[in-house]
Amino acid sequence: DSAMWGFVRWTLGFQGGFGGRGPEEALNPSIEVGRCWPMSGNRGTIGVHLTGKVLIKSFSITHIRGGSRADGRRAPKFVRLWGILEDRDSEWVSADKGNQVVDISEISGQASLEYVVLLSELNYSLESVHPTQSNRTFDAVDGKEIPFTRVLLEVKNNWGHESTCLYKLAIYGMETQ
């Protein structure tokens with residue numbers, strides 16, 4: 001498996017950012033308290049364009065625990081990783097048999113003619129001693145060997161703060177031709 005840093009070309013777009021920091025902050029390999037991508041509210045999305053086609057095997061998010069209780073409450077609580085399909089006529093769209101294919105506008109709130117497939121979900125635990133937590137892709141996705149060039153991370157909620165802070169997002173997999 002290769003770490004995401006070799007794959008990322010630029011962020012694709014986002015919903016929820018504020019506070020002067022762009023979504024690229026969540027892709028920065030260095031992690032320092034306070035240097036996160038802040039989202040206004042308890043939810044948001046961040047899209048990432050990878051440098052090539054990647055067979056995605058897992059992903060991780062990181063939230064640094066600062067000294068304050070409020071900082072922990074800003075951590076994402078439940079997130080979903082979606083793969084953006086390159087072809088509207090893909091077998092995933094035409095024969096969705098529980099693959100969770102949806103129109104991207106249902107997630108991002110922005111009009112689009114693209115579809116996404118649910119790759120994985122993660123419940124981020126504040127009880128864990130590990131600030132970086134990860135999850136594998138679903139078996140239904142893993143067995144298909146479909147490479148993606150773009151992904152969308154959907155933050156569904158946080159731990160009860162009026163804003164959310166994403167310190168790091170990493171995608172793991174193998175680059176293909």
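- In terms of heavy atoms, Y167 sits closest to I64 at CD1-N, 3.4 Å.
- A single hydrophobic cluster is not seen to contain both F78 and F59; linkage of ILVMFWY side chains at heavy-atom distances under 4.5 Å, directly or through other members, places them apart.
- When side chains are defined from C-beta on, L122 counts as touching I61, because their heavy atoms get closer than 4.5 Å.
- Under the 3.5 Å distance criterion, the side-chain polar atoms of T164 are left unmatched by any main-chain donor or acceptor of P38.
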Note to self: Set out, in order, the CA-CA distance, both residues' side-chain angles and the distance that settles side chain to side chain donor-acceptor pair (under 3.5 Å) for R74 and S163, then state yes or no.
What the structure shows: CA-CA 6 Å; R74 294 181 72 197; S163 64; 3.0 Å; yes
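- Residues V54 and T149 have side chains not in contact (no heavy-atom distance under 4.5 Å, counting atoms from C-beta outward).
- Put simply, the side chain of S125 reaches to within 4.5 Å of the side chain of Q133, judged on heavy atoms.
- In this structure the side chain of T137 never reaches within 4.5 angstrom of the side chain of S58, judged on heavy atoms.
- Side-chain contact between L118 and V116 is absent, with no heavy-atom pair separated by less than 4.5 Å.
- Closest approach of N42 and H161 over heavy atoms only: CB-O, 4.1 Å.
- Here the straight-line distance linking atom CG of N135 with atom CG of L119 works out to 11.0 Å at 0.5 Å rounding.
- No side-chain donor-acceptor contact under 3.5 Å links Y124 to the backbone of T62.
- In this structure, the side chain of R73 engages the main chain of G160 through a donor-acceptor pair within 3.5 Å.
- Side-chain contact check for T176 versus P147: some heavy-atom pair is nearer than 4.5 Å.
- Note that CE of M39 is 7.5 Å distant from CD1 of I46, once rounded to the nearest 0.5 Å.
- Remark: S60 pairs with T132, S134, A170, Y172 by the side-chain contact (heavy atoms from CB on, under 4.5 Å) rule, at least two apart or across chains.
- Atom CD of E175 is separated from atom NZ of K53 by 11.5 Å, given to the nearest 0.5 angstrom.
- The heavy-atom pair separating I56 from F148 by the smallest distance is CD1-CB, 4.1 Å.
- R43 contributes a side-chain N or O that, together with a main-chain N or O of K156, makes up a donor-acceptor pair within less than 3.5 Å.
- By the 4.5 Å heavy-atom criterion applied to side chains, L81 and V151 are counted as neighbours.
- The structure places OG of S120 at 10.0 Å from CG of L153, a figure rounded to the nearest 0.5 Å.
- Residues H63 and P131 are not in side-chain contact: their nearest non-hydrogen atoms beyond the backbone lie 4.5 Å or more apart.
- The two residues G41 and N158 have their closest heavy-atom pair at O-ND2, 4.1 Å.
- Both F138 and I84 are assigned to one and the same hydrophobic cluster, defined by single-linkage of ILVMFWY side chains at heavy-atom distances under 4.5 Å.
- In this structure, R150 CZ and L85 CG are separated by 9.5 Å, a value rounded to the nearest 0.5 Å.
- With rounding to the nearest 0.5 angstrom, the NZ atom of K77 is 9.0 Å from the CG atom of L126.
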